[in-house]
Chemist: 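Have a look at the structure that comes next, please.
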Amino acid sequence: MSYYPLFNLQGNSGFVNVANFAPNDWEVTAQSPRSVCAFRTDGSRWIVSPVAALEPDEFGSFEAASFPSLTGEDVGGTRVEEVVLLSLRTDEMAAECGELPDSTAPVARWPEWRATIGFASGASRVSYQGEINPTPVTASLLSFHPFIQFVDTRNYFVFLNVERAPQHRWSDLEIFIAGSGKRVDVRRIRNNAANVICLDEYGFTDRDLPVFYSGKMTGIPFGFGSAISNGMLSLEHTHPPGSLTVHGDRSQAQREIKTAWVARLRRMAAGGFA
Amino acid sequence: MSDLFPFRRDGGWQTHFELLNVPALIDPDHMASAPYVVRFYFFDENGELIHQWQTENCGIGRRTISIGELLAESGPARGTFCCFHEVYLPQLEAKGAFLAERGYAGFSRGSKSRVRGYVHGNLDAIGLDDTGRLSCLGKGFWLRRGEYRLQHRLEGPATYELCIVNSSSVPEAIEVEVLPEDGVARTVTRVVSSRGSLWTTCKLESGQRARVRVRSKLNLPRPVVFRVEQESFDVFHG
């Protein structure tokens, strides 16, 4: 079972609803009480806190306002928001751990065991059904971003990363226009955090397709929009490149797509990659 | 292959689709400047083909397609559509793989906000072969019905609208059960044609909460969920 990230986003309060029941009746048939534990990193260790006990079939609701550690900082134009990771567990956890543990609870795959992850303002709320698993430190990110809106909207790219190790590490995120290969910016991003970048300053047109690349960090990329007039929110994550194909070896397809694009952007961009 | 994406234009709703050059995203060096044809097919709630549209696509960019502008005014208010990129990618076929359109549908409701809520496709729902024949690719259980449980708690005050698509090649009975935390469960059961869609509505008052279960022989009958409040809405898939 995965983790469910709780964080704030551009002044909108994060919330998570965790379901202690499986998403289907054929993969996980046994019901049992489970606890919800919160994991947060201080840069050197994972600090673990039990936050709820859920009976079978019960929902647990969690709000970012209940976690004082959920602060953020601006780093070179990137808003880095701390994240609390919620986990449904059947084992007892120590108060600290050196890396994020595997789950001991049953696993569902079709679909994955998900929670409602969302953000609320006074005017609106937005959510998605999701989960996040720790990613390898050697993985890379390539994301095509078709979510910029041009009427009444502030637009952001949100990059969410979770890794097993609690130590902070930084990487570069390069932003290109896919068609021309023009590199428009490089920003710093941090692991075990939600990194938020405003896209409106780049002057993208409605025919441009921004593409984001990081050679040394991967995670879940989102498009987040906030209506200027009434605060309505919009949120969706993008597919990884491997999702552009079906059947065959999807991991290999993803590697080949990334390789082709890295080579292309390297040829077309003004500067090189780190 | 393509997912079957819901569209709606009832009650002020608008649907858009972000048309990307998927072949060029897969193979940018060979496909970036090669024009090719994209075909859209539209189906009503009964799975009947109501319209086809094609356009030439070229270059690596973004085109936001207004679905409502492609359909006759007198046509159905809701249904599904699919999108196929008619391109031969030998490097894919050599590996037994196919191009998949699982892109992004955007919904807006003019009276509330012009901000779009997006939901991405997931399934390899329908295929188009070399002869132009459409085939539904959804699978199902052979004997039993499965139960899918939406892991989202419905909370009022809001109106929830759920859309479930039958991507199998045969009609399937789909049962949607809404279980209020205090109140009587309500069930909607309908036989949905192949390529058809079931739309059902549930209104919750302030303080009310509920859960949703879907039973069908379809092996993943998870809905696209619209949560509509007074001045805003949210859209996501289960």
Side-chain angles (χ1 to χ4, degrees), chain A residues 17-19 21-26 59 61 110-111 113-116 118 123-129 144 146-147 149 151-153 178-179 206-209 223 225-227 229-239 241 243-250 252-253 256-257 260-261 263-264, chain B residues 1 18 20-22 24-29 32 59-64 91-92 95-104 106 112-122 124 141 144 146-153 155 209 211 219-220 222 225 227 229 231-238:
Chain A
N17 289 342
V18 177
F21 55 87
N24 59 57
D25 68 346
W26 60 87
F59 276 104
S61 294
W110 191 248
W113 196 303
R114 296 200 158 121
T116 299
S124 174
R125 58 180 264 178
V126 71
S127 67
Y128 72 103
Q129 295 297 104
F144 303 103
F147 298 130
Q149 302 187 48
V151 176
D152 191 34
T153 308
D206 60 358
R207 300 301 294 254
D208 287 332
L209 182 64
S226 173
S229 61
N230 69 354
M232 183 178 146
L233 305 176
S234 170
L235 180 75
E236 181 57 291
H237 67 85
T238 53
H239 282 302
S243 294
L244 299 172
T245 69
V246 64
H247 300 313
D249 185 334
R250 203 152 148 185
Q252 184 185 4
E256 291 178 359
I257 292 170
W261 271 95
R264 177 181 177 82
Chain B
M1 294 181 184
E18 298 297 337
L20 305 182
N21 188 334
V22 175
L25 298 186
I26 295 171
D27 184 4
D29 292 334
I60 303 178
R62 172 191 174 190
R63 288 174 61 187
T64 304
Q91 73 276 35
L92 270 192
K95 298 183 179 81
F98 300 90
L99 185 155
E101 177 56 83
R102 298 196 185 106
Y104 309 97
K112 302 298 182 189
S113 171
R114 289 170 292 177
V115 171
R116 282 183 212 134
Y118 284 98
V119 63
H120 67 72
N122 270 290
D124 314 317
F141 293 102
R144 57 161 287 188
E147 179 176 286
Y148 166 78
R149 302 162 183 156
L150 183 64
Q151 289 174 308
H152 171 90
R153 181 166 61 191
E155 296 181 351
R209 295 171 170 177
R211 291 177 45 180
N219 65 2
L220 194 58
R222 63 180 178 182
V225 180
R227 181 179 187 274
E229 293 184 81
E231 295 298 325
S232 69
F233 74 92
D234 185 17
V235 60
F236 55 92
H237 67 77

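Just so you know, these numbers use all the heavy atoms, side chains as well, and skip hydrogens, waters and symmetry mates.
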Chemist: Which value, rounded to the nearest 0.5 Å, describes the distance between A/R114 atom CZ and B/L150 atom CG?
Modeler: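 The distance works out to 11.5 Å.
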Chemist: What's the shortest heavy-atom distance between B/G117 and A/S234, and which atoms?
Modeler: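 Smallest interatomic distance, heavy atoms only, reads CA-OG, 3.9 Å.
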Chemist: Kindly compute the distance separating CD (B/E229) from OG (A/S124), expressed to the nearest 0.5 Å.
Modeler: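 So the CD of B/E229 and the OG of A/S124 are separated by 6.5 Å.
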Chemist: In terms of heavy-atom pairs under 4.5 Å, which option from B/G59, B/G103, B/G121, B/G106 contacts chain A the most?
Modeler: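 Highest number of pairs under 4.5 Å: B/G121.
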Chemist: Atom CG of B/L25 and atom CZ of A/F144: how far apart are they, to the nearest 0.5 Å?
Modeler: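 If I round to the nearest 0.5 Å, the distance is 4.5 Å.
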Chemist: Where does B/E147 contact chain A at under 4.5 Å (heavy atoms): side chain, backbone, both or neither?
Modeler: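 Contact with chain A: backbone and side chain both.
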Chemist: Quick one: does B/Q151's side chain have a donor or acceptor within less than 3.5 Å of a partner on A/A19's backbone?
Modeler: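 Absent.
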Chemist: With sequence neighbours excluded, tell me which residues meet side-chain contact (heavy atoms from CB on, under 4.5 Å) with A/N24.
Modeler: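 Only A/W26, A/E27, A/P111 meet the side-chain contact (heavy atoms from CB on, under 4.5 Å) criterion with A/N24.
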Chemist: Is there a side-chain contact between B/I60 and A/R264 (heavy atoms, below 4.5 Å)?
Modeler: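 B/I60 vs A/R264: side chains touch.
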Chemist: Just by distance, do the side chain of B/R62 and the backbone of A/R207 share a donor-acceptor pair under 3.5 Å?
Modeler: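 Between the backbone of A/R207 and the side chain of B/R62 there is no qualifying donor-acceptor contact (under 3.5 Å).
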Chemist: Counting only non-hydrogen atoms closer than 4.5 Å, does B/Y104 touch chain A with its backbone (N, CA, C, O), its side chain (CB onward), both, or neither?
Modeler: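 When you check distances to chain A, only side chain atoms of B/Y104 fall under 4.5 Å.
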Chemist: May I ask you to establish whether B/R209 and A/F59 are in a cation-pi arrangement, using a distance under 6.0 Å from NZ or CZ to the six-membered ring centre and at most 45° from the ring axis?
Modeler: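 No - B/R209 does not lie over the ring of A/F59 by the 6.0 Å and 45° rule.
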Chemist: How many angstroms lie between atom CZ of B/R63 and atom CG of A/D206, to the nearest 0.5 angstrom?
Modeler: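 It comes to 11.5 Å.
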Chemist: Would you say B/E155 and A/N17 make side-chain contact, with heavy atoms under 4.5 Å?
Modeler: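 B/E155 reaches A/N17 side chain to side chain.
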Chemist: Mind checking whether B/N21 and A/L209 have side chains closer than 4.5 Å, heavy atoms only?
Modeler: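 Answer no - side chains too far apart.
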Chemist: Check each atom of A/A22 against the heavy atoms of chain B and say whether the ones under 4.5 Å are side chain, backbone, both or neither.
Modeler: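 Interface part for A/A22: both.
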Chemist: Side chain, backbone, both or neither: which part of B/V119 has an atom under 4.5 Å from a heavy atom of chain A?
Modeler: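 Both backbone and side chain.
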Chemist: So do A/Q149 and B/V115 actually touch side chain to side chain, heavy atoms under 4.5 Å?
Modeler: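 The answer is yes; the side chains approach within 4.5 Å.
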Chemist: Apply ring-ring contact (aromatic ring centres under 6.0 Å, His included) to B/H120 and list each qualifying residue two or more places apart in sequence or on a separate chain.
Modeler: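 B/H120: ring-ring contact (aromatic ring centres under 6.0 Å, His included) contacts with A/H237, A/H239, B/H237.
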Chemist: If you tally heavy-atom pairs under 4.5 Å against chain A, which of B/G146, B/P28, B/G96 wins?
Modeler: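 Answer, by heavy-atom pair count under 4.5 Å with chain A: B/P28.
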Chemist: Can you confirm whether A/R125 sits close enough to B/R227 that some side-chain heavy atom of one is under 4.5 Å from a side-chain heavy atom of the other?
Modeler: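 In short, these two side chains touch, coming nearer than 4.5 Å.
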Chemist: Is there side-chain contact between A/V126 and B/F236, with at least one heavy-atom pair below 4.5 Å?
Modeler: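 Side chain of A/V126 against side chain of B/F236, heavy atoms only: no contact under 4.5 Å found.
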Chemist: Can you name the one residue among A/Q252, A/E256, A/H247 that meets side-chain hydrogen bond (donor to acceptor under 3.5 Å, both in side chains) with B/K95?
Modeler: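 By the side-chain hydrogen bond (donor to acceptor under 3.5 Å, both in side chains) criterion, B/K95 pairs with just one of A/Q252, A/E256, A/H247: A/E256.
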Chemist: Could you walk me through whether A/S61 and B/R153 pass the side chain to side chain donor-acceptor pair (under 3.5 Å) check?
Modeler: CA-CA 10 Å; A/S61 294; B/R153 181 166 61 191; 2.4 Å; yes
Chemist: Most heavy-atom pairs under 4.5 angstrom with chain A, which of B/I26, B/L99, B/V22?
Modeler: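 Greatest number of close heavy-atom pairs with chain A: B/I26.
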Chemist: Taking the side chain as every heavy atom from C-beta outward, state whether B/R116 and A/T153 have any pair of such atoms under 4.5 Å apart.
Modeler: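 SC-SC contact between B/R116 and A/T153 ruled out.
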Chemist: Of the listed residues (A/P241, A/A227, A/S127), which shares the most heavy-atom pairs with chain B below a 4.5 Å separation?
Modeler: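 Among A/P241, A/A227, A/S127, the one with the most close pairs to chain B is A/S127.
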